[in-house]
Structure formats: C-alpha cells, structure tokens
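Okay, so here's the structure we're looking at.
Being a predicted model, the structure only gives us computed values, none of them experimental. Throughout, numbering of the chain's residues begins at 1 and tracks the sequence.
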Amino acid sequence: MSKLLNRRRSAPWWQRHSRPMMGILAGLGAIETAYITITHWLGGSVVCPTTGCEQVLKSDYAQLFGIPLSLVGFGFYLAVAVVAVLLAPRQEKEQDFPWAWALFALTTAMLVSSGYFIYLMAVKIGAWCVYCVTSAILSLLLWFLATFGRVWRDVGQLFTTALVVVLVALLGILAAYNGVEASVQAGSTAGQVAQGLQSPPPVTTSSGAAELALAEHLRKVGAKEYGAYWCPHCHQQKQLFGKEAGAKINYIECDPKGVNSQTQKCIDVGIKGYPTWEINGKLYPGVKTLDQLAELTGYKGPRNFINPVGKTQ
C-alpha cells in the first residue's frame, strides 16, 4: 500500500488529479453545448462577439440528419463526465481498467470530430465560431488527460485502439457529411433555381443623386461588398445607400443558404466577418459610412447624401 502511495505522490500533478479535472472540463463543455442546443431549439441567436458564430451555427454543416451537432457534443461531454467522476475513480488498482479505455476512446473520437469541424470552418464555411473553437480546445485537454493522466501497462494496445477509433470516427464523419457536402455544392451551382434560398430584408430607404453617383463610382473602381443575408450590419450598410443605389453595389453573398451565393469566393478572398469591403485588393471589415467609402476609393463627386446616417457611424 505504501509503495502505491509513493508512486502516486511522485506522479505528475495532472496524473494525480486527472479524473476531477476531466469532470470539470467535461462539465464546462456540457454547459456550452446545452446553451447552443437550447438556443437553437428556441430559434434565438447565441451571444457572440463576432458574426462568425451565427454563420457557423446556422450553416448546413452544423447539423446532421436534422440533429444539431451541439446536441451530439453534449452527449459526449456528459458521457465523459459520468465516466471520469462517477465510474473511473472506483477503480483503485494501477493496472489498466475498462473505464480508462472508455475515456480514451471517447476523448479520441471527440478530438477527431472537433478537428474535422475546425477544418470545415477554415475551408468550407469561411467563418469562426468562438464556441466551436472552445469546444475543440476542451476536447484536446480531455484527450490529453485521458491519455497522459495515468500510466498504461500496454502502450502497444493504446496505439492500436487510437488507430481504430480515429479510422472509425473519420469514416463515420465523412459518410455523415457526404449528403451535406452534396447539398452545399448543389446550392452554389450556377443556374440553380433560387427556390428555398434566403434573401436579405428589403431596403427601405431611398437614394439621392449623391448616393447613386457614389455607387456608380464604387462599381467602376471594382469595389466589392461581402455579406450574408442574415447579417444586420450588412442590411445597415445597404440602408446607407438606399434602395436604388444599393442595387448598383457589387454585393457578394457568402452564406450557402443565400440567393446567388458565392461561398467559395468569400473563402478564397479570406472573408472573416460581415460586411467586409474589398477595395484595391485590401479588405475593410465593418460598416463604412458613405464618406469613408468615398475617401477609400478617391471619389470626387457630390457628397450631399440624403440619409443622415451616411455621414456618421
């Protein structure tokens, strides 16, 4: 008994406290995913410092077979918490026990899933969700504690188990997303009928001669506005120009669910938030006043804009 206690005392701190730490991390992940899921069911929007959260969480990639990925994540976090806090601590012997293997398999599958979703955000969606990145970090920490939080007697079996779990998880993820990928690609195919796609809200302000002249100038110099149909700031930007001038702006829809979507173009350019203006090869994120756009593009025409918000932020 004293020998066992000495081994535990000499072990790194993350091994001595790995199970309670996993319980805390899994609990935080469960709270986060539960919040996202409940908000989704209620039809609301999560609190987020950027527009990326809404774009990611409302994209086709954020659910499988009609089930939010946040609900799946909640199930994984809950399982890890139960095993780490309630089941695993009952095994006091140092040899490998079934619940240790269960924790390792669960956290490995979570790490693979989080890694794949990070890939989707970077390559397919073109936006970053704070909650998704946080979940990926939690998954990495849980995997570290499950893997290095104890001494494994059979390291070879550990590698074999990891390989099997990674392969099964990847095959399952790719198979599940096969239909989603086909749907997204079909949505961006040229000539697709816009039925079922989303349009931005109508512009309710009118345009004056100055707004029309500025819009013509922006199109002439190749300025582009990148946005999403659901983005309130994008709508605010169009309200500054007014209905007539706004129709002349070279607007590019980035959300796959939007009408005339050009998601891949937004990804290629490196759009991170909405709206974003591309002027002379440079990106300018955020709503811009008409005076600001005039200065950025060298506009020399009239500036008696009829919308007062066109002059101030």
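Using a 30° and 60° split on the angle between ring planes, W143 and F148 fall in the perpendicular class, above 60°.
In this structure, the side chain of R303 does not engage the main chain of A210 through any donor-acceptor pair within 3.5 Å. Side-chain atoms of Y226 do not come within 3.5 Å of backbone N or O of G273 as any donor-acceptor pair. The backbone N or O of L71 sits less than 3.5 Å from a side-chain atom of T37, completing a donor-acceptor pair. No donor-acceptor distance shorter than 3.5 angstrom exists from the side chain of E278 to the backbone of E225, with no hydrogens or angles considered. Distance alone, capped at 3.5 Å, is enough to place a donor-acceptor pair between the T33 side chain and the A30 backbone. For H217 (side chain) and L212 (main-chain N/O), no donor-acceptor pair under 3.5 Å exists by modelled atom type. Under a 3.5 Å cut-off, the side chain of E253 and the backbone N or O of Q262 do not form any donor-acceptor pair. Looking only at distances, a side-chain donor or acceptor of Y299 sits under 3.5 Å from a matching main-chain atom of P302. Between the side chain of S207 and the main chain of E244, a donor-acceptor pair closer than 3.5 Å is present. In this structure, Q198 contributes its side chain and W230 its backbone to no donor-acceptor pair below 3.5 Å.
A continuous path of Ile, Leu, Val, Met, Phe, Trp and Tyr side chains, each step under 4.5 Å between heavy atoms, connects I118 with V72, placing both in one hydrophobic cluster. Y77 and L64 fall within a single hydrophobic cluster, where Ile, Leu, Val, Met, Phe, Trp and Tyr side chains are chained together by heavy-atom contacts under 4.5 Å. Cluster annotation: L120 is connected to L69 through the hydrophobic network of ILVMFWY side chains, with a link wherever side-chain heavy atoms come within less than 4.5 Å. Linking Ile, Leu, Val, Met, Phe, Trp and Tyr residues whenever their side-chain heavy atoms come within less than 4.5 Å leaves M110 and Y35 in two separate clusters. Hydrophobic clustering keeps I36 apart from L138 (ILVMFWY residues linked when any side-chain heavy atoms are closer than 4.5 Å, directly or through intermediates).
Rounding to the nearest 0.5 Å gives a distance of 8.5 Å between OG of S199 and CG of N260. For the atom pair I137 CD1 and L28 CG, the distance stands at 12.5 Å (nearest 0.5 Å). Distance check: E211 CD to I249 CD1 gives 10.5 Å after rounding to the nearest 0.5 Å. Here the NZ atom belonging to K265 is positioned 4.0 Å from the CD1 atom belonging to I252, to the nearest 0.5 angstrom. A distance of 8.5 Å separates OG of S18 from CZ of R150, quoted to the nearest 0.5 Å. One distance of note links OG1 of T161 with CH2 of W101; it measures 4.5 Å at 0.5 Å rounding.
Around atom NE2 of H233, no more than 12 heavy atoms belonging to other residues, nucleotides or ligands sit under 6.0 Å away. For N280, the CG atom sits in a loose shell: 12 or fewer heavy atoms of surrounding residues, nucleotides or ligands are nearer than 6.0 Å. For K248, the NZ atom sits in a loose shell: 12 or fewer heavy atoms of surrounding residues, nucleotides or ligands are nearer than 6.0 Å.
If you check the gamma sulfurs of C266 and C254, they are less than 2.5 Å from each other. Cysteines C53 and C129 keep their SG atoms at least 2.5 Å away from one another.
A cation-pi contact, defined as under 6.0 Å to the ring centre and within 45° of the axis, links K238 to Y251.
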* Evaluate the criterion side-chain contact (heavy atoms from CB on, under 4.5 Å) for residue pair T205 and L240; output intermediate values, then yes/no. => CA-CA 8 Å; T205 57; L240 300 185; over 6 Å; no

* Asked: Run the side-chain contact (heavy atoms from CB on, under 4.5 Å) check on F76 and L106 step by step: do they pass?
  -> CA-CA 7 Å; F76 271 99; L106 281 170; 3.9 Å; yes

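Counted by atom type alone, Y284 and Q292 present zero donor-acceptor pairs between their side chains at under 3.5 Å.
With T204 as the fixed residue, the side chain to side chain donor-acceptor pair (under 3.5 Å) test singles out one of K243, H235, Q239: Q239.
Checked against side-chain hydrogen bond (donor to acceptor under 3.5 Å, both in side chains), Q237 has the following partners two or more places apart in sequence or in another chain: W277.
Ring-centre distance between Y177 and Y116: below the 6.0 Å cut-off.
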